[in-house]
Each structure stands twice: as structure tokens, then as C-alpha cells.
Amino acid sequence: MTRDMAFFEFLCRMGDNTLVLGHRVSEWCGHAPVLEEDIALANTALDLIGQTQMWLGLAGEVEGEGRSADDLAMLRDAWDFRNVLLAEQPNGDFGQTMMRQYLFDQAHVLLLQKLAGSSDERVAGIAAKAVKEVAYHVERSRDTVIGLGDGTSESHRRMQAALDLLWPYAGEMFTDDEVSGIMAGEGIAPEPSSLRAAWDAAVQETMSEATLVIPDSDFAHAGGKTGFRHSEHLGHMLTQMQWLQRAYPGARW
Amino acid sequence: MTRDMAFFEFLCRMGDNTLVLGHRVSEWCGHAPVLEEDIALANTALDLIGQTQMWLGLAGEVEGEGRSADDLAMLRDAWDFRNVLLAEQPNGDFGQTMMRQYLFDQAHVLLLQKLAGSSDERVAGIAAKAVKEVAYHVERSRDTVIGLGDGTSESHRRMQAALDLLWPYAGEMFTDDEVSGIMAGEGIAPEPSSLRAAWDAAVQETMSEATLVIPDSDFAHAGGKTGFRHSEHLGHMLTQMQWLQRAYPGARW
Amino acid sequence: PEKLAAFQARIDAGEKIEPKDWMPLGYRKTLIRQIGQHAHSEIVGQLPEGNWITRAPTLERKAILLAKVQDEAGHGLYLYCAAETLGVTRDEITEMLLDGRMKYSSIFNYPTLTWADMGAVGWLVDGAAIMNQVPLQRTSFGPYSRAMIRICKEESFHQRQGYDIMMKMANGTPAQKKMAQDALNRFWYPSLMMFGPSDKESVHSEQSMAWKIKMNTNDELRQKFVDQTVPQAEYLGLTVPDENLKWNEETGHYDFSQPDWSEFFDVLKGNGPCNRERLAARNKAWDDGKWVRDGLLAHAEKKAARKVAAE
Amino acid sequence: PEKLAAFQARIDAGEKIEPKDWMPLGYRKTLIRQIGQHAHSEIVGQLPEGNWITRAPTLERKAILLAKVQDEAGHGLYLYCAAETLGVTRDEITEMLLDGRMKYSSIFNYPTLTWADMGAVGWLVDGAAIMNQVPLQRTSFGPYSRAMIRICKEESFHQRQGYDIMMKMANGTPAQKKMAQDALNRFWYPSLMMFGPSDKESVHSEQSMAWKIKMNTNDELRQKFVDQTVPQAEYLGLTVPDENLKWNEETGHYDFSQPDWSEFFDVLKGNGPCNRERLAARNKAWDDGKWVRDGLLAHAEKKAARKVAAE
């Protein structure tokens, strides 16, 4: 695999994560449990879509075949997506949504902090902008996980169920492979495994404040960020996300 | 409006009703309350899709622009669909699905009986085949509405709620307009309003056996069969139904 | 009666009434109803546009639409706060929305069926809303007036975005142009209805005008909207779906057809195309969210208690 | 022990055991487990294919897929009936499926991600299933044997339909061909796993073979499947994702790589890509359907009572 191929893969991983998770979060619009949450979720989705424009924009640039961020977002089928499985999991209840958000945000912020020092200026620039937004996301999702974990017995039960459900999807964020090896070698991005210890410590602290118990299993689903095997959920998401571009090819909006 | 334009519209109304309702019913696949219902619902969907092939096939023939049944099903946007709003209403619970089915089937069977004597041989031929299937559909959906209406207090409550919910969508099946006027004038199809009395009598009898009360309002939503204003549900349905044809234009399957 | 006269005098003098000031019960009630309805409209108004967020055609359009819907939620928030200064809690009036005691603008009972509807909603619906709202910046109740100033600024931004979508569509492919025309066909009359029935049939109008809660008559505003919108439609190359529409040299205004008021009253009664879906969506959000609100409240109380215990 | 010997003698003589005949407890239990698992597999097996019914590319493909999923439900029905002759009700074993006490074929814990998966499932999954089921037409238990005869006929029809989809894709556009290859890549090893672990590690095998509940060893069937499938893949112009695959002149069979058995045991433990979704979907259908089952039962009872009263 050439450096540029790996770089393109890496950028798709970044941009597809924010695209797919941003889409999921945007599904809440108008349906959140309380008005402030509606606003906050829309804000998170907005940040993630903005980051998608930057990551996929750069991906298209690196690929050099003239594909724009929109082309990459709207005209690839499921197998070409490189987001982790966690990002495409359905919203479930609000607790499940916030648990997914926290597990992701906590890894996202650690990664972006490193990327702000990337050997590639463009990556460093995007990361420097995104890390500020994501620092706010993680603060908020962490608070919500703690508030609901340490809330009523029902909210506690639901948050524990969300953690149990989503835990097997967390590990994929920290697996290394050929792509990440090349990126680390070039100093563009750290090996994902190098972030695990800091993530574990932060998550452990949050869950303990939230009075939630981290599952005892280290089993981790895989197949999202390599594109080998997404879940059935992604394809359904794309039917919506890409509808207009597919139905009216070449139109400008 | 020319005769052929009206004929095309009429055939789209027939075929879009069966297409859209068949799609809705097929959403139950693998999720019905009991195995026999899974089989019966799949069977109903199968019949409706088969009828769609015939109606839309003939529509394409009448239009004379080389569009196949698949082209019409897969490549029109929501505004070009001519199904009644009732057909596109979401499944809701099983009771809502069966109530929708019964209200539709009861009108469908009356219409097809008349169409079997259409002045257009092709219409008469399709109707003669379809009416046998639909006679079975209405027998089944009627029995289920009665069984659940006159079942437990919960099933009664749910069926009454379904009837209240769907009643305002029934009237659209019986409104006359320019298209139906031309069809009636040509002896191709009866005026929808001419079927109302028989439908009312049948529905009244069914609901009374089901111990359900027909709502006192004659308000009727409109806009489906003219295409002027579908519900928001149809567009979402099309993102799924048409996905592959939109994403891979021109491919053969 | 003396207090009443003094109150009216303050209003006539252009003074703002503030929450702690004395005010007649009717003034308070009318304002709660009006601000509450307006707040609810912002909240329910998220739904028709929210319907297209997951199908927005480009990342930029998706971001713009998200930002807009977020603004609407923000407007709801300001307005609920303004209503709260009149002694009614947000939960109270939310429940009145959910059980049907309070209304929201009927326009949101119409469906959004194509992407062009995102343009039409911005251009026509926000346009009509602004027409209603601009004069309310001068309304007599201080918190309401200040909320309206802030809201109007954002709304006119939304309207421009909506018009921009229409422009792209109207100058796009034939299918896009057809979509744009179709959206105008569906939203024209419902937008005219947004100003309410003709003044002759409108209740409470006189008292509200004296109190400067209502600043113009419905017919004045409707005419102003038509006069402003028709040239915009022409510029887009779209046809307003009204055979009677024509410029009247004498009056200096457009003559136009009234909307079908029986449809208006049907929608008000709950028979609009989407009344049921909209209220069901809000009720579901509220019911499904109960455990979240309870959970966060319980946590806040625990935290406060721990803090007290630690002191 | 005498009874046991006589029972074994009947089996050895090729007689069918019928529900009312005496049979050893182990025979009954093993059959209930095996037939139940098979029935559950048909039921859960509706889900991965059902996932594409609403996205089928043409009306004809949609009809074919609907018919197929309907057949699977029908197979479930025959098999539950066969199990019921052994003294266990459909509801009892359904609940064992839902709470995880009984299993279904692990293959259905893999997702269907493209339309080509509808082809791969028919071609490979049904192909492997048939390979398992054909010998079971000669199984010793009468009702099971008769159910298998009926099922095998339909399954081989499904397999041909699946292969037909693959053919269309493999001869289609480059994107379709890529889809077909991708489906083969994902379903190849899971299909090999359908025959179960190697004979050395397989439990209960010997007794089941003596009882003619199991007719061939896992490895025999797997080899047969590979030998049959590889030329079909070649005919399609697709590449089996196994670097070690090659024809062995000496043995007259293909040499091939074993699947990753640790993945197999992960999936068995509940960690397959879709275990949770599949069981959740079936549990939801069951729970949501309770009021329907109760309602229809109550109505049937009322009707019967009315009939008695009228007599």
C-alpha cells in the first residue's frame, strides 16, 4: 500500500466517522427529551458535519481524482465507508445515543490532540480546529452519562444497558493495521493502540462517577474501519443520506 | 385531458396502490406476531406486487414512451405517484396494519369486480385474475379485524384506535374527478363514488361484528391519487424502494 | 378602572410594560396565549424541516439546515422564557400544547415533500412569519418585544437562505425547476392563511391592537406579503398558482384570490395533512424523554445534597 | 436395554420411527434439539433476507424474494409441527429460542450488506443447508424425514435462484461484479462453518449417527460442499477467498483452508456481527404480538361459547 493510499484511507476513516455519527445525531432533531438537548444535539451534529467537510475534502485532494467531499459522502456505497461500527449503531433511546457519543468523543478528543501535532500541516490544521469543538462535545456527553448513570434507578438501568450494548463496539477504535502503521511511520497520525490507555483511564473515571460497571469482556467487533463488514444499519442510512444525489445525478443544490 | 392520459393516470392509480401497499405489507416480513401471519402477510404482499407488475406494465404500454413497470415503480419521484394516502400510511402496530388492509381490500374487491367487466379487455383480464386474490385478502383481513375487535379489551381498544386513525383516509378511495369521469365515460372503470354504498354497507357490517364504532366524521384527506399532496411517509418509502435503481442506473438485476 | 386607564396611557405613550408591572388579567392572558403559541410554533416548526435533514443533498446544505432548525429551537427557548415572566412555566404550557389546549401555527401541519420545500418554507413561511413579527418588535410587553428583535434578525437570514435554495432549484435541471414550482403550488395558499382570517371575522383584534399586542390587521399584512412575494416569484421564473392575481394600478397593490378558508378551519380543527403526526411526534418526544428529565433532576439533587453534606 | 436393542434394530433395518412408537429419551431429546434448532434457523433466517425485500431492485426480484422468505416461514412451520409430535409445543421451544436456551444456525448472525448477498445467501448458504439436509431425508424419525423431503425440494429451487442472482451480478456492470465478489468474500468462510467443527471436536456425533439422526460427518459434508461450489465460482468468474485452495489430483478433492474456528465459537457465544439484532428482532416480534395472539384466542373462545350457547 502506498503512502497516499494509506493517507486516503486514514482521511476517510476520520471523515466517515464524523459523517455517519453526525447523521445519526441529526436524526434527533425535534425529538429530544428537552429543548436544551435538541439544541445541543443539533450543535454536535453541525460540528461533525463541518469536520466531515474538512476531512473528506482533504481526502479528495490526497486521492487526486477530482472527487469532492460531497462526492465522497454522497456517491460511495456502504463497502467504501471507513467509519467504525460504533458510529453507525442506531440511536436507540437517548441514553444509548449519549453513551455512544461519550465513548466516541473520549477517543476522538485524544486522537485530535495528537493530530494537532501531525507532520502534515493540513491534518494539524483541521485537528486544531476540531479539537476545540470536540473538547466541548466530550464535556457534555460525559456530564450526561454521569447525570443519567447517577440519576434515578431507571436512568441508571438504561445507561448500564447502553454501556453493555455498546462496549463491544469500542475496541475497534484502537486497533492498528497497515494503514495506521504507515500513518504512524510518516508521523501523520498516532497508532490507535497508543491512545487506549488514556481512553481506558478516562472512561473508567467517568463510569465510576456514573456508578456504571464496565463489562468484563474485551471482545471487540471489527469490520467498519476496514470496510470489510459494516452492520446492516449503514446501508439503510445511506438510502436516506444519498437519496437526492442518487435520484438527480449531476444536479446542483 | 385526453383519453389516453386519463387511462394512464387510472392505471397508475391501480398500480401505485398495490405497489405502495405491497411494500408496506412486506415490511412485516419476519416480524409478525405469529408465524401464520408472517406467511399470510408475505402472501398478500406477493399478490400485490404481482398485480403491480400487470397494472404498471399496462400503464407503460398505454403511455407509449417505452417505460416498463419497473421504470414506473423505481424511477418516479413522490409527486408522480398516484396511490391513495391510505396505502402509504405507516404500518403502526399489527392492528393498524390489518385495519388499513381491510379498509383497502373491501374497496379493492368491489372495484375489481366491476373492472372484470371493463370495456378494455386488458383491464378486464388483469381484474379477473386479481379479484380472486383480493377476495381472499378481504376475507382474511375482515376476519382479523373482527377477531381482534371482538377479542380482549386491549385488542378492542387498539382496533378502535386504528379505525379512528385511518377513517379519514378512507374517503379518498371514493372521490370522482376528471380522470374517473373519462374512465367511466369510456366504460373502462366505474366512478369511484358508485362503489361507496356497497363499501359502506360491508364495512358497517364488519365493524358491527367487530364491536367497533365507525367515527362520526366524514372528513376525508385527499391529495394522494391526484399526486397533489402525498404524506411525508411516501418519500421515505421511496428512498428504500428505489435505492438500487437510483444508485446503479442502467444495471440489470 | 383607574389602574386600567393608567396602564393604557403608558402603552399609548410607547412605554414598555415589564413583568413586575401591574397589568390587566386580559392582557396577561392574551400575551400568554400569543407568546405560547408562537413558542410552540417554533418547536413544532422543527419537524417539517427536520424531515429533510437526513436527506439534505450536500454537506453544506445539511449544515445550513441543521443550523436553521437549531435556531428555531433557540427561538422557542427565548419565547418560553418570555412567557415564564408572565407566571406560567415551560412545562405547563408544553403540556397545554401536547394535550391540544394550546395551538401552534397551522402552516406546520403541511408536509414537506421535496427538497424544494426547504426553499419554500424559508422563502414563504419564514417570509410570512417575518411580516407578522417585524411589527411585534414594537409590541408593548418588554420581554416579548426584545425576543422578537432577536428572532427577526435570524428569521430574515433564514428567509434569504430559503430564497437561495429556490433560486438554485429554479435555475437548475428541469426536474429541479418542476420541484420548485410544485413547492410554490403547495405552499402559496397555506402561507396566505398564516395571517389569519379576514379582519371582519377575526376575534379579539381590537383590544389586542389597543394593547399593542397586535400591531396590524390580518388583511394589511397579507396584502403586504403578496406585494412583496409576487415579484420574487417572477424573478425566480415561477408562477404563483392564482389565476386572479394581477397588479392593480389604482390601488398600487396586487389583487389576489383568498385561500380556501374552509381548509383553514379544517386544519385548525385538527384535520390538516399532518396535525396528527406533528402532535404525535411531540408527545412521543416528551413521553420518551421523561426518564431523562427525571434522571438529570435526580442527579442534580443528589449533587446538591452531597455538596451541602460536605460543607 | 432390550427395548433399546429392538429400537436400534428397527433403525438398522431402515424402518421409520413414528411419534407413537417407543423411543429412548436421548433419541427424543436429541431430535427435539436438532429439529428445534432447524426450525428456529428457518425463522431467524427470514431476517437477513427480509432486510433486502424493501430494497429489491425490480418488481420481479422483490416477488421472488418475498416468495422465498415466505417459504422459509413455511419450513419453520413444518419443522415446529414435526417437533410437536415429540411432545414439545411451538410456544415452548419458541421461548427457548427467545431466551437463548436454544440456538439457531450461526450463519444468520452475519449481515446482508448488498444485493449480491441475496445471491450469496441463496447460492452458498442454501447450498450448504441442502448439503446438510439431503441425507436427512433418510433420517430415522418419520415426521422429520418427511419434512426434510418437502423442504429440500424448495431449498434447491432457492439455491438456483440465488445462483441466478450471482450470475446476473457477475455478468453485470463492474460495480455489480465487485458486489458479487465482495459477497463471496464475506460468505465463504461462514458457509464452511455451517457444517460444524471438525469431526474430531464434534460432540454426540457417534450416537447420532447410529440413530440416523446425523447421516454424515461434518468434514465429509464440508468437503462435498467445497468440491461442488468451487467450479460454480469459477463459472461465475469469481475468486474464492482462499490462497490455499487447489485441486488435489490424488484425493480427487479440493484442498482448502479451514475457517477461523475462533470466530465460529465467538459467534456461538453471542458475539457474531448480528446475534443481538436477530434475537432482539424476534423478541420484539413476540412481545409486540402478544396482544394479537391473546385477542385472537379470546375471540375464538367467545365464538365457541356462543356456538355452544346457541345449540
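Letters A, B, ... mirror the listed sequences (proteins, then strands); counts begin at 1.
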**Request:** Give the member of D:Gly50, D:Pro57, D:Gly289 that has the highest number of heavy-atom pairs under 4.5 Å with chain B.
**Result:** D:Pro57
**Message:** Between D:Arg61 and D:Asp164, does any NZ, NE, NH1 or NH2 come within less than 4.0 Å of an OD or OE carboxylate oxygen?
**Reply:** yes
**Request:** May I ask you to say whether B:Glu61 pairs ionically with B:Arg122, meaning some side-chain N is under 4.0 Å from a carboxylate O?
**Result:** yes
**Message:** Tell me whether the rings of B:Phe7 and B:Phe10 are parallel (<30°), tilted (30 to 60°) or perpendicular (>60°).
**Reply:** parallel
**Request:** Would you please indicate if the ring centroids of B:Trp28 and B:Phe94 are separated by under 6.0 Å?
**Result:** yes
**Asked** Heavy-atom distance under 4.5 Å to chain D: side chain of B:Leu41, backbone, both or neither?
**Response** neither
**Request:** Using non-hydrogen atoms and a 4.5 Å limit, figure out which bit of B:Asn43 sits close to chain D: side chain, backbone, both or neither.
**Result:** both
**Request:** Answer with side chain, backbone, both or neither: which region of B:Met98 has an atom nearer than 4.5 Å to a non-hydrogen atom of chain D?
**Result:** neither
**Prompt:** Are the charged groups of D:Glu154 and D:Lys68 less than 4.0 angstrom apart, N to O?
**Reply:** no
**Complete:** Bottom line for D:Ala300: the part with an atom under 4.5 Å from chain B's heavy atoms is neither
**Request:** For the residue pair B:His230 and B:Glu88, confirm or rule out a side-chain donor-acceptor distance under 3.5 Å.
**Result:** yes
**Exercise: do D:Arg150 and D:Tyr78 side chains pair donor with acceptor under 3.5 Å** = yes
**Request:** Answer yes if the side chains of D:Gln232 and D:Trp123 hold a donor-acceptor pair under 3.5 Å, and no otherwise.
**Result:** yes
**Fill in**
Among B:Thr52, B:Ile49, B:Leu19, B:Leu35, the residue with the most heavy-atom pairs under 4.5 Å to chain D is B:Leu35
**Asked** When you check the side-chain N and O atoms of B:Thr211 and B:His156, is any donor under 3.5 Å from an acceptor?
**Response** yes
**Item:** For chain B, the option from D:Ile53, D:Thr58, D:Leu296 that forms the most heavy-atom pairs under 4.5 Å
**Value:** D:Thr58
**Request:** Name the member of B:Gly50, B:Ala42, B:Gly147 that forms the most heavy-atom pairs with chain D at distances under 4.5 Å.
**Result:** B:Gly147
**Complete:** Scored by heavy-atom pairs under 4.5 Å with chain D, the best of B:Met241, B:Arg24, B:Gln53, B:Glu154 is B:Gln53
**Complete:** If one checks every heavy atom of D:Gln70 against chain B at 4.5 Å, the contacting part turns out to be both
**Complete:** Applying a strict 4.5 Å limit to non-hydrogen atoms, the region of B:Gln245 in contact with chain D is side chain
**Message:** Does B:Asp16 form a salt bridge (charged side-chain N to carboxylate O under 4.0 Å, His left out) with B:Arg76? I'd like the steps, not just the answer.
**Reply:** CA-CA 11 Å; B:Asp16 289 343; B:Arg76 286 175 302 158; 2.6 Å; yes
**Prompt:** Ring centroid separation for D:His158 and D:Tyr163, is it under 6.0 angstrom?
**Reply:** no
**Message:** At a heavy-atom distance under 4.5 Å, which candidate from D:Asp71, D:Leu47, D:Leu77, D:Asp288 has the highest pair count against chain B?
**Reply:** D:Leu77
**Fill in**
Cut-off 4.5 Å, heavy atoms of chain B, and the answer for D:Leu297 is neither
**Message:** Need one label for B:Asp150: side chain, backbone, both or neither, based on atoms under 4.5 Å from any heavy atom in chain D.
**Reply:** both
**Request:** Under 4.5 Å, counting heavy-atom pairs only, tell me which of D:Met169, D:Lys303, D:Arg282 racks up the most with chain B.
**Result:** D:Arg282
**Item:** Part of B:Ala32 within contact of chain D (heavy atom distance under 4.5 Å)
**Value:** backbone
**Request:** For the pair D:Arg90 and D:Glu84, find out whether any cationic side-chain nitrogen is under 4.0 Å from an anionic carboxylate oxygen.
**Result:** no
**Request:** Determine the option with the most heavy-atom pairs under 4.5 angstrom with chain D, choosing from B:Glu36, B:Glu37, B:Gln242.
**Result:** B:Glu36
**Message:** Please identify, among D:Gln46, D:Glu60, D:His299, D:Arg55, the residue contributing the most non-hydrogen atom pairs under 4.5 Å to chain B.
**Reply:** D:His299
**Request:** Identify whether the distance between the nearest side-chain nitrogen and carboxylate oxygen of D:Arg186 and D:Asp182 falls below 4.0 Å.
**Result:** yes
**Request:** Heavy-atom distances under 4.5 Å only: say whether D:Val69 touches chain B with side chain, backbone, both or neither.
**Result:** side chain
**Fill in**
Ranked by heavy-atom pairs below 4.5 Å to chain D, first place among B:Ala40, B:Ser68, B:Ser155, B:Ala45 goes to B:Ser155
**Request:** Find the one option among D:Glu301, D:Glu72, D:Met167, D:Met179 whose heavy-atom pairs under 4.5 Å with chain B are most numerous.
**Result:** D:Met179
